[in-house]
Amino acid sequence: MSWLVVDMLFKDFIRICMRIGSTSSITEKKNIVATYLKELERSEWKPFILFLVGKPIPDSIEGGLGVGYSTIMKALKNPIKPLFPSNPLTLNDVFNELIKIAYIRGKDSSKRKFEALASLMGRMSREERIWLSKIILGELRIGLVDGHLLGALSNVLGLSLEDIRRAYLLRGDLGDVVDVALKGVEALRNVPPRLFSPIRPMLATPASSIAEAYNMIGGGEAAVEVKYDGARVQIHIKNGRVKIFSRRLTDVTYSLPDVVEIVRNGVSVDEAILEGEVVAYERGSGKPLPFQTLMKRFKRIYNIEEAMELIPLKIHLFEIIYLNGKLLIDTPYSDRYDLLVERVSEELLANRIVTSNIREAESFYKRALDYGHEGVMVKRLNSPYILGVRGKHWIKVKSKETLDLVIVGAEWGHGRRSSWLSDYYLAVYDPNSGEYLVVGKTFKGLTDEEFQYMTKRLLELKVKDEGFRIWVKPEIVVEVDFNEIQKSPKYKSGLALRLARITRIREDKSPEEAATLEELYQLYERQFEKKGKVI
DNA sequence: ACTGATGCGTC
DNA sequence: GTCGGAC
DNA sequence: GTCCGACGACGCATCAGT
């Protein structure tokens with residue numbers, strides 16, 4: 001290491017990114033990161049680590065950067081040159097400028113954010129501008145994510161990965177973890193769960209049947225819990241004060257005063273962190289409302305009273321992570337659930353059974369679907385509350401539907417798919433007009449080989465070329481799975497598929513044999529046998 | 001006051 | 001959110 | 001078995017332009 005301390009230049013950081021991106025070995029990526037961390041000033045660790053995972057600023061800055069694709073394109077085209085030549089930018093220069101941009105709020109903020117970005121870019125070379133854009137868009141594509149950096153931190157500082165992961169779970173922000181880790185093992189281990197500061201949520205793995213789900217958790221007794229079609233929330237409570245966080249840890253308390261009230265009345269604890277699903281229900285019938293309708297409530301800050309009247313919410317709790325000073329992430333799930341049940345009134349709990357009998361579990365699943373819910377979660381009873389799903393503890397089983405649709409257009413892919421047409425416009429047939437109407441796009445479900453084949457065929461069928469997109473003669477039929485039909489404000493057909501993915505290419509079918517517009521509308525209406533409808 | 005583009009969140 | 005592929 | 005990067009739908013807030 002040199003005795004002369006020189007801050008890392010942004011252009012040197014780019015060299016490092018390129019090196020990391022050019023190797024496919026994760027171990028080597030981590031080694032490169034570790035090598036440079038050792039050479040860096042500690043004040044540079046935070047930007048170094050955040051930039052490497054494609055985060056321009058720490059997640060904890062509320063509101064985010066407020067700069068996206070369009071603003072970047074504009075700034076790339078119109079960089080504002082400095083009046084006087086300036087020094088080459090260091091990593092910290094760039095980081096500090098980005099934080100300034102994040103804090104530009106209010107009147108003319110778009111314009112001022114653009115100007116700040118364009119000025120920053122004006123001080124950069126073309127290559128630096130491109131890489132800055134990648135960082136802002138979170139599309140570095142060098143194969144590093146938060147988990148790898150936690151590993152690198154652990155190696156370089158000689159701290160256990162377990163301690164680092166725990167801090168990450170509890171702090172929720174990678175930048176904060178860097179700060180705490182730099183203070184040493186004591187500070188790291190003593191990261192207290194902070195009430196009103198959200199914890200990263202434990203995730204689930206999908207399965208296609210109940211039997212498969214049981215198989216994945218190794219059989220035996222499991223909890224089978226209704227999976228509601230809503231939004232996951234984390235609720236922090238301290239002496240009657242309540243805060244609600246969304247899955248990506250943003251504070252949504254303000255939009256959900258009714259949920260706050262329900263929690264105040266139905267939960268008796270001094271201090272706790274709970275998790276559950278917020279779901280919209282139709283008044284009267286009690287049927288769940290479509291996800292689309294729930295979203296009208298979710299990030300709302302105006303006309304909340306009105307929306308509350310129209311779209312009532314319920315909470316279905318399924319977790320307790322913290323209780324009266326004690327963190328429960330290492331407590332087995334079944335014990336956590338006992339603690340939850342003791343303190344929460346019954347109507348606030350997610351509906352569930354505990355069984356080792358697969359038939360029983362399947363019939364519970366069917367009943368959940370009959371009530372208009374999304375499916376079930378199968379949970380291992382002894383599982384801790386952990387990140388990274390080391391071993392599968394929570395398995396989700398959801399219903400799906402299938403239709404044959406026609407491909408009428410396609411877009412060129414990006415990254416490893418850049419040589420293929422990989423994103424397809426799916427359409428239904430309307431025999432009345434002879435038209436094919438788009439009901440959504442998908443890029444999911446095909447193998448590399450199939451993409452190659454499709455690209456060739458689609459180009460043969462091309463009727464119009466728009467550069468990034470082509471339109472084709474309706475001829476190729478594909479079988480498509482999806483979760484729900486939504487009302488679409490965007491497509492002329494008026495409907496769109498939620499979570500569409502191709503399951504196979506139907507060489508045997510002609511486009512006239514594909515699903516029709518009328519069929520799709522019938523299916524859409526049929527959803528309301530189980531679901532509610534407002535407006 | 002309204003509309004469309006943009007950003008960012010939920011799934 | 002889902003999927004295939006790379007590890 | 002695990003992780004990652006391909007990218008989908010809609011709804012709300014904010015801002016720019018009329």
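Bear in mind that the values here come from a model prediction, so they are computed numbers and not experimental data. All values below were derived from every heavy atom in this structure, side-chain atoms included, with hydrogens, water molecules and symmetry-related copies excluded. Below, read A as the first sequence line, B as the second, and so on, with proteins coming before strands; counting in each chain starts at 1.
- The aromatic rings of A:Y425 and A:W471 sit tilted relative to each other, their planes meeting at an angle between 30° and 60°.
- Among the heavy atoms of the strands lying under 4.0 Å from A:K396 are primed sugar atoms or P, OP1, OP2 only; no base atom is included.
- Remark: A:R457 engages A:Y453, A:E507 in a side-chain hydrogen bond (donor to acceptor under 3.5 Å, both in side chains) (not counting sequence neighbours).
- Spacing between atom CH2 of A:W394 and atom C1' of D:dT2 amounts to 19 Å, rounded to whole angstrom units.
- OP1 or OP2 of B:dT10 sits under 4.0 Å from a side-chain N or O of A:S246.
- In this structure, the side-chain hydrogen bond (donor to acceptor under 3.5 Å, both in side chains) partners of A:R200, at least two apart in sequence or on a different chain, are A:Y168.
- At a threshold of 4.0 angstrom between heavy atoms, the contacts of A:K398 are confined to the sugar-phosphate backbone, with no base atom among them.
- For A:K392, counting side-chain heavy atoms from C-beta on, the closest listed nucleotide (D:dC10, D:dG8, D:dT2) is D:dT2.
- Taking atom CD on A:E449 and atom C1' on C:dA6, their separation rounds to 17 Å, with Å as the unit.
- Rounded to whole angstrom, the span from the CG atom of A:L203 across to the P atom of D:dT2 amounts to 13 Å.
- Heavy atoms of A:N483 sit nowhere under 4.0 angstrom from any nucleic acid atom.
- When the side-chain nitrogen and oxygen atoms of A:H414 are compared with OP1 and OP2 of D:dC7, one or more of them lie within a distance under 4.0 Å.
- Listed by chain and residue number, nothing satisfies the side chain to side chain contact (heavy atoms under 4.5 Å, CB included) test with A:K77 (two or more places apart in sequence, or in another chain).
- Within 4.0 Å (heavy atoms only), A:T71 reaches sugar-phosphate atoms of the nucleic acid but no base atom.
- For the side chain to side chain contact (heavy atoms under 4.5 Å, CB included) test, residues two or more places apart in sequence or in another chain that qualify with A:L381 are A:E221, A:A223, A:Y333, A:S334, A:V354.
- Residue A:Q292 has no polar side-chain atom (N or O) positioned under 4.0 Å from OP1 or OP2 of D:dA9.
- Proximity of A:R416 to the phosphate of C:dG4: no side-chain N or O atom is located under 4.0 Å from OP1 or OP2.
- Residues forming a side chain to side chain contact (heavy atoms under 4.5 Å, CB included) with A:T293 (at least two apart in sequence, or on another chain): A:L289, A:P290, A:I311, A:V534.
- The OH atom of A:Y228 sits 16 Å away from the P atom of B:dC11 (whole-angstrom rounding).
- Heavy atoms of A:P489 sit under 4.0 angstrom from primed sugar atoms or phosphate atoms, though from no base atom.
- Straight-line distance from the CZ atom of A:R469 to the P atom of D:dG8: 11 Å, rounded to whole Å.
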Side chains of residues 477-485 of chain A: which donor-acceptor pairs under 3.5 Å do they make with residues two or more places apart or in other chains?
from, atom 1, to, atom 2, distance (Å)
A:E479, OE1, A:T503, OG1, 2.8
A:E479, OE1, A:R504, NE, 3.2
A:E479, OE2, A:R504, NE, 3.1
A:E479, OE2, A:R504, NH2, 3.0
A:D481, OD1, A:T402, OG1, 2.8
A:D481, OD2, A:K400, NZ, 3.3
A:N483, OD1, A:R501, NH1, 2.5
A:E484, OE1, A:R498, NE, 3.0
A:E484, OE1, A:R498, NH2, 3.0

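- For the pair A:L65 CG and B:dG9 P, the computed distance is 11 Å after rounding to whole Å.
- Counting to the nearest Å, the P atom of D:dT2 and the CE atom of A:M216 are 9 Å from each other.
- Rounded to whole Å, atom P of D:dC10 lies 14 Å from atom CZ of A:F482.
- Less than 4.0 Å separates DNA chain C from at least one heavy atom of each of the following residues of residues 495-506 of chain A: A:L499, A:R501.
- Classification of A:E115 and A:K113 as a salt-bridged pair fails, no side-chain N sitting under 4.0 Å from a carboxylate O.
- In this structure, A:Y424 and A:F451 have tilted ring planes: the angle between them lies in the 30° to 60° band.
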Heavy-atom protein contacts under 4.0 Å, nucleotides 12-18 of chain D, coded B base, S sugar-phosphate only, - none: SSSSS--
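- Contact annotation for A:V67: backbone-only contact, meaning every heavy-atom pair under 4.0 Å involves sugar-phosphate atoms and none involves a base.
- Residues satisfying the side-chain hydrogen bond (donor to acceptor under 3.5 Å, both in side chains) criterion with A:Q452, sequence neighbours excluded, are absent altogether.
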